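Worksheet for the structure shown next.
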There are 2 protein chains.
Amino acid sequence: MGSSTAVSHRTQAQRFAAFKDALRERSLKSTSQRDDIARVFFANDQHISVEELYREVKRVNPRVGYATVYRTVRLLRECGLAAERHFHDGEARFENVEEEHHHDHLICERCGRIVEFANDAIERLQEQIAARLGFVITRHKMELYGLCAECRSGRTPHAAAKRESRVSRT
Amino acid sequence: MGSSTAVSHRTQAQRFAAFKDALRERSLKSTSQRDDIARVFFANDQHISVEELYREVKRVNPRVGYATVYRTVRLLRECGLAAERHFHDGEARFENVEEEHHHDHLICERCGRIVEFANDAIERLQEQIAARLGFVITRHKMELYGLCAECRSGRTPHAAAKRESRVSRT
DNA sequence: ACTGGATTGAAAGTGATTCTCATTTTCGTG
DNA sequence: CACGAAAATGAGAATCACTTTCAATCCAGT
């Protein structure tokens with residue numbers, strides 16, 4: 001059956017260093033706000049919204065403004081360190097990017113739990129379909145919505161608390 | 001290889017009748033606004049935005065308000081006659097729902113052309129993956145973004161004009 | 001340390017969508 | 001057909017997530 005494998009290859013510190021390098025490369029300045037926001041982002045291995053990130057950062061450094069969190073998150077995206085996702089709750093969520101491989105999401109509609117997965121067979125089929133219709137794919141988005149085992153079993157829904165941070169390679 | 005088949009099984013008139021039936025079932029009132037909006041929606045076999053729908057309806061009946069178009073589109077969605085889609089241009093688009101089968105989208109990032117397709121093999125794989133992770137799928141979303149043959153060949157991009165309204169069954 | 005351009009925060013601005021509420025319309029009943 | 005309650009409408013205000021503005025502040029190269 002499917003095997004679950006952890007795939008966080010870079011440590012927080014390595015990611016943070018990559019961020020600092022990216023700033024230098026682009027001749028952008030290092031500021032305490034950027035550092036704090038990036039650190040909190042890298043420490044959080046989940047699908048975090050800007051709102052959530054803002055609140056977390058506030059606890060570390062109460063002087064940061066909302067706009068700066070947005071700006072920094074955009075910066076992280078442009079540096080290839082964050083990936084933006086739009087699930088169906090209206091707000092964008094960001095996740096750490098691992099150089100390795102793209103993945104998709106399985107979302108529990110009851111408790112909000114998000115499980116990541118990757119499947120090569122599906123990716124190959126997508127390429128085939130696109131090719132038949134004359135397209136070359138540059139990126140894709142696949143989200144499966146449903147109910148997780150726990151929610152179906154009627155046990156206490158755990159308020160999206162236990163978000164998975166592993167990719168299941170199937 | 002893949003075969004393309006037209007799948008619009010209900011005529012505009014049949015869809016309109018279904019709408020009127022749905023209103024009656026829910027003891028909602030028939031109004032000229034609702035009728036006009038629904039008629040325009042059913043006549044348009046593409047992925048229309050509320051803005052576009054509003055403009056079209058205005059030409060038929062200039063007294064309809066923006067809010068009513070939004071309300072009616074929501075109603076159509078609730079009646080199962082319209083499906084809401086969120087591609088990456090910020091605004092929601094609605095399409096006619098055919099009872100038959102769900103489909104996914106292939107979107108050209110250059111000209112905006114949207115091609116629909118359906119693929120059972122992928123759907124089966126999705127079910128398998130979800131099952132392995134303990135989920136039961138209720139719905140999904142799959143969008144492939146890329147470049148269509150025409151845009152890659154460098155010919156004049158046709159400003160999203162020729163939107164496809166056929167589902168390619170692959 | 002100096003200094004000019006980058007960065008920041010607060011608040012105003014956006015764009016899509018929803019809500020409010022006074023006015024109008026529909027439709028079952030008399 | 002006329003009533004009248006309940007529903008629907010439209011104009012504009014409100015909301016929500018996000019971006020921009022701009023004066024004040026901060027960083028980094030000299």
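Everything numeric in this text was worked out from a predicted model, so none of it was measured. Lettering follows sequence order; numbering is per chain, from 1.
- The minimum heavy-atom distance linking B/Arg152 with B/Leu147 is given by the pair NE-O, 3.4 Å.
- The phosphate of D/dA8 (OP1 or OP2) has no side-chain N or O of B/Gln33 nearer than 4.0 angstrom.
- Straight-line distance from the NZ atom of A/Lys20 to the C1' atom of D/dC27: 11 Å, rounded to whole Å.
- Judged by distance alone, the side chain of B/Asn44 and the main-chain N or O of B/Asn96 form no donor-acceptor pair under 3.5 Å.
- Counting all heavy atoms, side chain and backbone alike, B/Leu81 lies closest to B/Ala18 at CD2-CB, 4.1 Å.
- Closest approach of A/Ile114 to A/Phe87, counting heavy atoms only: CD1-CE1, 3.7 Å.
- Of the listed nucleotides (C/dT18, C/dT8, D/dT20), C/dT18 has the atom at the smallest distance from the side chain of B/Arg74.
- For the pair A/Thr31 and C/dT8, the criterion of a side-chain N or O lying under 4.0 Å from OP1 or OP2 is met.
- Dashed line: the shortest gap from a side-chain N or O of A/Arg71 to OP1 or OP2 of C/dT7 is not under 4.0 Å.
- For A/Arg26 against C/dT7, no side-chain N or O and base N or O form a donor-acceptor pair under 3.5 Å.
- Backbone-only contact: A/Ser30 has heavy atoms under 4.0 Å from sugar-phosphate atoms and none from a base.
- In the set D/dA7, D/dT20, C/dT8, the nucleotide with an atom closest to the side chain of A/Thr68 is C/dT8.
- Rounded to a whole Å, the NE2 atom of A/His88 is 15 Å from the P atom of D/dA17.
- A straight line from CZ of B/Arg55 to P of C/dA16 spans 11 Å, rounded to a whole angstrom.
- An OP1 or OP2 oxygen of C/dT8 is reached within less than 4.0 angstrom by a side-chain nitrogen or oxygen of A/Arg34.
- The CZ atom of A/Arg93 sits 13 Å away from the C1' atom of D/dA17 (whole-angstrom rounding).
- In terms of heavy-atom proximity, A/Phe94 sits nearest to A/Ala82 at CD2-CB, 4.3 Å.
- As rounded to whole Å, 13 Å separates atom P of C/dA16 from atom NE2 of B/His86.
- B/Arg77 has its CZ atom 11 Å from the P atom of C/dT17, to the nearest Å.
- If you check every strand for non-hydrogen atoms under 4.0 Å, A/Val50 touches nothing.
- Separating the CG atom of A/Leu75 from the C1' atom of D/dT19 is a distance of 16 Å, rounded to the nearest angstrom.
- The side chain of A/Glu91 lies closest to D/dC18, out of D/dA6, D/dC18, D/dA28.
- Of the two residues contacting DNA chain C, namely B/Gly90 and B/Leu28, the nearest-nucleotide position lying further toward the 5' end is that of B/Gly90.
- Protein atom CZ of B/Arg85 is 20 Å distant from nucleotide atom C1' of C/dA16, rounded to whole Å.
- Along DNA chain D, the nucleotide nearest to B/Ser27 and the one nearest to B/Lys58 differ in position, and the one closer to the 5' end is contacted by B/Ser27.
- Between A/Glu109 and B/Arg139, at least one side-chain N (NZ, or NE/NH1/NH2) sits under 4.0 Å from a carboxylate O, which counts as a salt bridge.
- Comparing D/dG10, D/dA6, C/dG9 by their closest approach to the side chain of A/Arg63 singles out C/dG9.
- Between C/dA6, D/dA6, C/dA10, one nucleotide has an atom nearer to the side chain of A/Lys29 than all others, and that is C/dA6.
- Under 4.0 angstrom from either OP1 or OP2 of D/dT19 there lies no side-chain N or O belonging to A/Tyr70.
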